[in-house]
Amino acid sequence: MNKIYITTAIPYVNGAPHVGHALDYCLADTYARHRRLNGDEVRLQAGVDEHGNKIYQKAVGMGLPVEQYVGENAKKFRDFVEKLDVSYTDFIRTTDDAHERRCQEIWRRLEQHIYKAKYEGWYCEGCERFITQKEYDENAGICPDHQKPYEKLAEENYYLRIADFKNKIRDAIESGEMTILPEFRKKEVLKLLEESPDVSVSRSRDQLSWGVPVPGDESQVMYVWIDALSNYITVLGYPDKDISAWWPAAAQFVGKDILRFHAIIWPAMLIGLGLPLPKAIVSHGFVLVDGQKMSKSIGNVVDPVEVLDKYGVDAFRYYFLRHIDTFNDSDFTWDKYESAYNNELANDLGNLVQRLATMASKNNISMEQPTEYAFDEEYVKMMDNYEFSRAFDYVWDKIQDINKKIDEEKPWMLAKNGETDKLQLCLQGLIGDLMKANYMLSPFIPGTADKIYEVFAGKIEPPKTPLFPKG
Ligand code: MSP
């Protein structure tokens, strides 16, 4: 049995969760469940990123003490993770005392790669990073992600000497020691790496008071990304504990917008600490709404709790894991969501379970169900390569095949003609196919997969209420 560590990006708590935040959780959880079925022991981290100016200013704007504001929002995120049926083992808040103390120790251990210097440049508060003049010109002075003008910032800060690590990072990416997925993002990262200047890793306390103090310098606070990235190891106990049973992570799931931090600053920190690099960084696309980026100003932000409450958690997971392409931007619209629910979940799967179970119970069919099945090789390959939406399509084809087979073999005719032996074989074959497909469904929609297993294991009884009642 292997020990496997999987991580999710920790969202800023400057608001409630939106549907985009669900992707990291759903993808990482699917992978975690896949690996557990494989016999691995999995640790899955989740958490929240609570420091930084954005959050501080939001709290001030709302007239709330910042501790109260982050506490309330952190709870919303934790509830969201629970509601999504994510099998996490650890939940970190970056305001946890242990995390802050460990971050300071990480800083001390990186000190030989850190220097102090004066810098003047363009800064985006939304992105929490400095912008190059080239980027500034390309975007005409306005951040495309946050629709806010860049600000001029002149400060004396600490810098992490990225130059110390560039060669090692490039080698690790090119040799596959640290896989970056998808492939087209890997190319972007390699280009960014070459252009990457040293990174400012602190802010003066006048600019930023809500953060982890730089050890030994009262006037400076750690840059939020240094504090945030550290969570992946502080949650394991680093540097107080030996983390070698879990680290390096098998896979770290992040959105495309934050891949640069994970593929450049994070590996630099790890190399500086003498720790191995994660085996894979998997970057997903964005959830769009009607083809547009979700934004408060457009007013198209979709509340995930509303989506979850309307059709349940597995409908949510189904849509976000199958119809949102794992690596590319994809659309959420209520129309598409409802059509997927009614035509696919309710018809293809829900009806199939109902029909088969009804016929089997009427004809007194029962069969021993194994608790483990052999996976199809093609499916395993896709799951191992993090191609979740493709793997989900593959499983859904199997469900459709069973529906077709029922129409072809017409078990109701066999029953009508009294062909009992043939009927028995036919239903047992169909149920066996369904149980095998169900096993492959279980990392994606675990609650439903459990229910389906229960229906057919032991004495077969059709579900009292449909698995997916029509909306
Ligand atoms: N706090 C940082 C991450 C620190 S990780 C050490 C951050 N937070 S975030 O709240 O802005 O984003 C959290 C995650 O949600 C990121 O992986 C991000 O890519 C993802 N998403 C935010 N909006 C999204 C969509 N509309 N669609 C898909 N994912 C999106 O960045």
Side-chain angles (χ1 to χ4, degrees), residues 2 4-11 20-36 38 40 42-46 86 165-166 168-194 196 229 232 246-271 275-288 317 320-330 375 377-395 443-444:
N2 290 318
I4 297 281
Y5 181 45
I6 299 170
T7 74
T8 58
I10 52 172
H21 291 131
L23 268 192
D24 284 314
Y25 302 138
C26 290
L27 295 170
D29 183 54
T30 298
Y31 188 60
R33 290 176 186 273
H34 167 65
R35 296 297 299 244
R36 287 195 190 106
N38 226 32
D40 297 327
V42 177
R43 200 156 162 183
L44 171 61
Q45 155 280 12
V86 173
F165 310 104
K166 269 192 190 174
K168 280 204 174 139
I169 300 175
R170 190 193 314 108
D171 288 352
I173 296 175
E174 282 175 345
S175 69
E177 178 192 336
M178 177 173 78
T179 304
I180 307 260
L181 285 170
E183 186 69 22
F184 66 91
R185 296 256 174 249
K186 170 175 151 184
K187 294 195 181 108
E188 286 172 16
V189 163
L190 283 169
K191 192 158 172 276
L192 276 172
L193 177 68
E194 293 316 313
S196 180
L229 290 163
Y232 299 127
W246 299 102
W247 191 264
Q252 301 205 260
F253 289 87
V254 301
K256 63 175 185 180
D257 56 328
I258 58 169
L259 177 60
R260 60 194 306 147
F261 300 99
H262 286 82
I264 300 173
I265 306 181
W266 179 225
M269 288 169 67
L270 290 166
I271 297 168
L275 290 173
L277 301 182
K279 293 193 185 125
I281 302 180
V282 183
S283 111
H284 59 77
F286 261 48
V287 180
L288 306 176
R317 293 177 62 114
F320 283 83
L321 287 164
R322 181 163 181 231
H323 292 297
I324 301 289
D325 184 286
T326 306
F327 298 126
N328 292 294
D329 294 354
S330 313
F375 286 123
E377 239 174 70
E378 245 177 298
Y379 165 89
V380 172
K381 212 167 149 197
M382 289 186 258
M383 295 294 276
D384 286 347
N385 289 333
Y386 314 99
E387 295 170 320
F388 302 112
S389 48
R390 276 191 65 209
F392 209 160
D393 283 345
Y394 175 90
V395 185
F444 298 104

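Positions are given from 1 along the sequence. Just so it is clear, the values below take in all heavy atoms, side chains as well, and ignore hydrogens, waters and symmetry mates.
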- Could you tell me whether the side chain of Ser196 reaches within less than 4.5 Å of the side chain of Phe165, counting heavy atoms only? no
- Taking all non-hydrogen atoms of both residues, which atom of Pro276 and which atom of Pro248 are closest, and how far apart? CG-CD, 3.6 Å
- Query: Can you name the side-chain hydrogen bond (donor to acceptor under 3.5 Å, both in side chains) partners of Glu188, sequence neighbours left out?
  - Reply: Arg185
- So how far is it from Asn38 CG to Ile4 CD1, rounded to the nearest 0.5 Å? 8.5 Å
- Below 4.5 Å, heavy atoms only, C-beta onward: do Met178 and Ile281 meet side chain to side chain? yes
- Message: Leu193 vs Arg170, test: side-chain contact (heavy atoms from CB on, under 4.5 Å). Steps then yes/no.
- Response: CA-CA 8 Å; Leu193 177 68; Arg170 190 193 314 108; 3.8 Å; yes
- Message: Test of understanding: with side-chain hydrogen bond (donor to acceptor under 3.5 Å, both in side chains), list the residues that count as partners of Asp24, not counting sequence neighbours.
- Response: His284
- Task: Please work out which of the three classes, parallel, tilted or perpendicular, describes the rings of Trp247 and Trp266, given edges at 30° and 60°.
- Result: perpendicular
- Item | Ile265 vs Leu229 side-chain heavy atoms within contact, under 4.5 Å | yes
- Task: Starting at CZ of Arg33, measure out to CG of Leu44 and round the result to the nearest 0.5 Å.
- Result: 9.5 Å
- Task: Applying side-chain contact (heavy atoms from CB on, under 4.5 Å) between Leu277 and each of Leu270, Ile173, Ile169, Thr179, report the one that passes.
- Result: Leu270
- Task: Kindly give the heavy-atom pair with the smallest separation between Asn385 and Leu181, and that separation in Å.
- Result: O-CD1, 4.1 Å
- Task: Can you label the angle between the Phe392 ring and the Phe444 ring as parallel, tilted or perpendicular, going by 30° and 60°?
- Result: parallel
- Query: Has the side chain of Thr30 got a donor or acceptor atom that lies under 3.5 Å from a matching backbone atom of Cys26?
  - Reply: yes
- Verify, without hydrogens or angle tests, whether Thr326 (side chain) and Glu387 (backbone) share a donor-acceptor contact under 3.5 angstrom. no
- Closest approach of Lys256 to Gly285 (non-hydrogen atoms, all atoms of both residues): CD-CA, 4.4 Å
- Would you call the rings of His34 and Tyr31 parallel, tilted or perpendicular if under 30° counts as parallel and over 60° as perpendicular? tilted
- Item | Atom pair OH/CZ of Tyr386 and Phe253 - distance to nearest 0.5 Å | 6.5 Å
- Message: Looking at every heavy atom in both Asp325 and Ser330, which two are closest together, and how far apart are they?
- Response: N-OG, 2.8 Å
- Message: Working to the nearest 0.5 angstrom, can you tell me the gap between Asp393 CG and Arg322 CZ?
- Response: 4.5 Å
- Item | Plane angle bin for Tyr232 and His262 - parallel if under 30°, tilted between 30 and 60°, otherwise perpendicular | tilted
- Query: Roughly how far, to the nearest 0.5 Å, is the CZ atom of Phe327 from the CZ atom of Arg390?
  - Reply: 10.0 Å
- Those residues at least two apart in sequence (or on a different chain) that pass side-chain hydrogen bond (donor to acceptor under 3.5 Å, both in side chains) with Thr8 are Gln45
- Item | Point-to-point distance, once rounded to the nearest 0.5 Å, from CG of Asn2 to CG of Asp40 | 5.0 Å
- Message: Restricting to non-hydrogen atoms, name the atom on Glu194 and the atom on Lys166 that form the minimum distance, rounded to 0.1 Å.
- Response: O-NZ, 3.0 Å
